[in-house]
Amino acid sequence: MDEPQGDGAGAADRVPVPARADPMAGALVTTTFPFDGGRQVTVYVPPEPPELVVFAGDGQLIAPWGGHLEAAGVPSTMIVGVHRTDDEDPMARIGEYSPSFDAERFAAHEAFFVDEVRRWVRTRFGVALPAGRTAVCGVSASGELALALGLRHPDVYGVVFCASPGGGHHPPAVLPRPLPRTYLVAGTLEPWFLENATRWADALRGAGADVVLAERVGDHGDPFWAAELARMVAWALAR
């Protein structure tokens, strides 16, 4: 699970906030699904047809980073941000994001995220890209979600973006095949999370996966993660 430190702690004064388009050319569209008594999904819709679709946990945080992608000038990318639970118990979020804690809760959220949300995106926006142009993304605890879903659904998510993963979900002893391409990042100022990212990178490389591990000066928080997203997108679309 996550080290006991809130998202964004200490990062603002250590990592410059990345440039953001102002005004943003794309649009943010939010809808509420019945799942779990009402769960919001926010989609960053780029001004041009997307070359990549990124499905993200902690989506209330990540979807607005479309403005950073615009400023970075990377190819058109849609971000489908599935919001985290409103439950004040921190283990409720962990249970949804990691299969290691609450298998039933994880499975329910997995079905919502992978099936219902993706089906809605196809219908609402007319977007359905092949696995090689579809990524699953997460930061901190939702980084574990991205890794878990990437391994469980490589036919859907051919790419994983994972920043500062928590340590509750470890690589299985035998990794499945095929494996998604994976981009991991963690900061030198968050050694616990860097250790977790390194563990995953080593396991995936050992199984023959295409893996990037970016180790940067940075701490656990939004500016650090937002700054990396454009690099992740550029890497995913480089082939």
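The two residues Leu28 and Ala63 have their closest heavy-atom pair at CD2-O, 3.9 Å. What you find for Val54 and Leu52 is that their closest heavy atoms are CG2-CD2, 3.8 Å. Listed here is the closest heavy atom pair of Leu184 and Pro165: CD2-CG, 4.4 Å. Between Gly57 and Phe113, the shortest heavy-atom contact is N-CE1, 3.9 Å. Closest of all the heavy-atom pairs between Ile79 and Ile62 is CD1-O, 3.8 Å. Between Glu51 and Leu237 the shortest heavy-atom distance is O-CD2, 3.7 Å.
Counting only heavy atoms from C-beta outward, the side chains of Phe224 and Arg216 approach each other to under 4.5 Å. Counting heavy atoms from C-beta on, the side chains of Trp192 and His220 never come closer than 4.5 Å. The side-chain heavy atoms of Met24 and Glu70, taken from C-beta on, include a pair separated by under 4.5 Å. Considering only heavy atoms from C-beta on, Ser100 stays 4.5 Å or farther from His170 through its side chain. Contact check for Phe106 versus Leu145: side-chain heavy atoms found under the 4.5 Å cut-off. Contact check for Leu149 versus Phe55: no side-chain heavy atoms found under the 4.5 Å cut-off. Between His109 and Thr85 there is no side-chain heavy-atom pair separated by less than 4.5 Å.
For the residue pair Ser164/Glu190, the side-chain donor-acceptor check at 3.5 Å is satisfied.
Atoms CD and OG1, on Glu215 and Thr188 in that order, are 6.5 Å from each other to the nearest 0.5 Å. To the nearest 0.5 Å, atoms CG (Leu179) and CZ (Arg205) are separated by 13.5 Å. Between the CE atom of Met232 and the CG atom of Leu69 there is a distance of 11.0 Å, given to the nearest 0.5 Å. Taking OG1 of Thr198 as the reference point, atom CG of Leu213 lies at 5.0 Å (rounded to 0.5 Å). Atom CH2 of Trp120 and atom CG of Asp115 lie 15.5 Å apart (nearest 0.5 Å). Note: Arg181 CZ to Leu204 CG = 13.0 Å, rounded to the nearest 0.5 Å.
Using a distance-only test at 3.5 Å, with no hydrogens or angles considered, a donor-acceptor pair links the side chain of Arg118 to the main chain of Val114. Ser98 contributes no side-chain N or O that, together with a main-chain N or O of Glu144, makes up a donor-acceptor pair within less than 3.5 Å. Not one N or O on the side chain of Ser76 forms a donor-acceptor pair closer than 3.5 Å with the backbone of Pro46.
Two different hydrophobic clusters hold Leu147 and Trp235 under the rule that ILVMFWY side chains link at heavy-atom gaps under 4.5 Å. By the criterion of side-chain heavy atoms lying less than 4.5 angstrom apart, applied directly or through intervening Ile, Leu, Val, Met, Phe, Trp or Tyr residues, Val53 is not grouped with Val74; the two fall into different hydrophobic clusters. Under the 4.5 Å side-chain contact rule for hydrophobic residues, Val212 and Leu194 do not share a cluster.
Between Arg39 and Glu96, at least one side-chain nitrogen of the basic residue sits less than 4.0 Å from a carboxylate oxygen of the acidic one, meeting the salt-bridge criterion.
His169 has its ring centre no less than 6.0 Å from the ring centre of Phe101.
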Can you give each donor-acceptor pair under 3.5 Å made by side-chain atoms of residues 150-162, sequence neighbours left out, with the distance rounded to 0.1 Å?
from	atom 1	to	atom 2	distance (Å)
Arg152	NE	Glu110	OE2	2.8
Arg152	NH2	Glu110	OE1	3.1
His153	NE2	Glu110	OE2	2.7

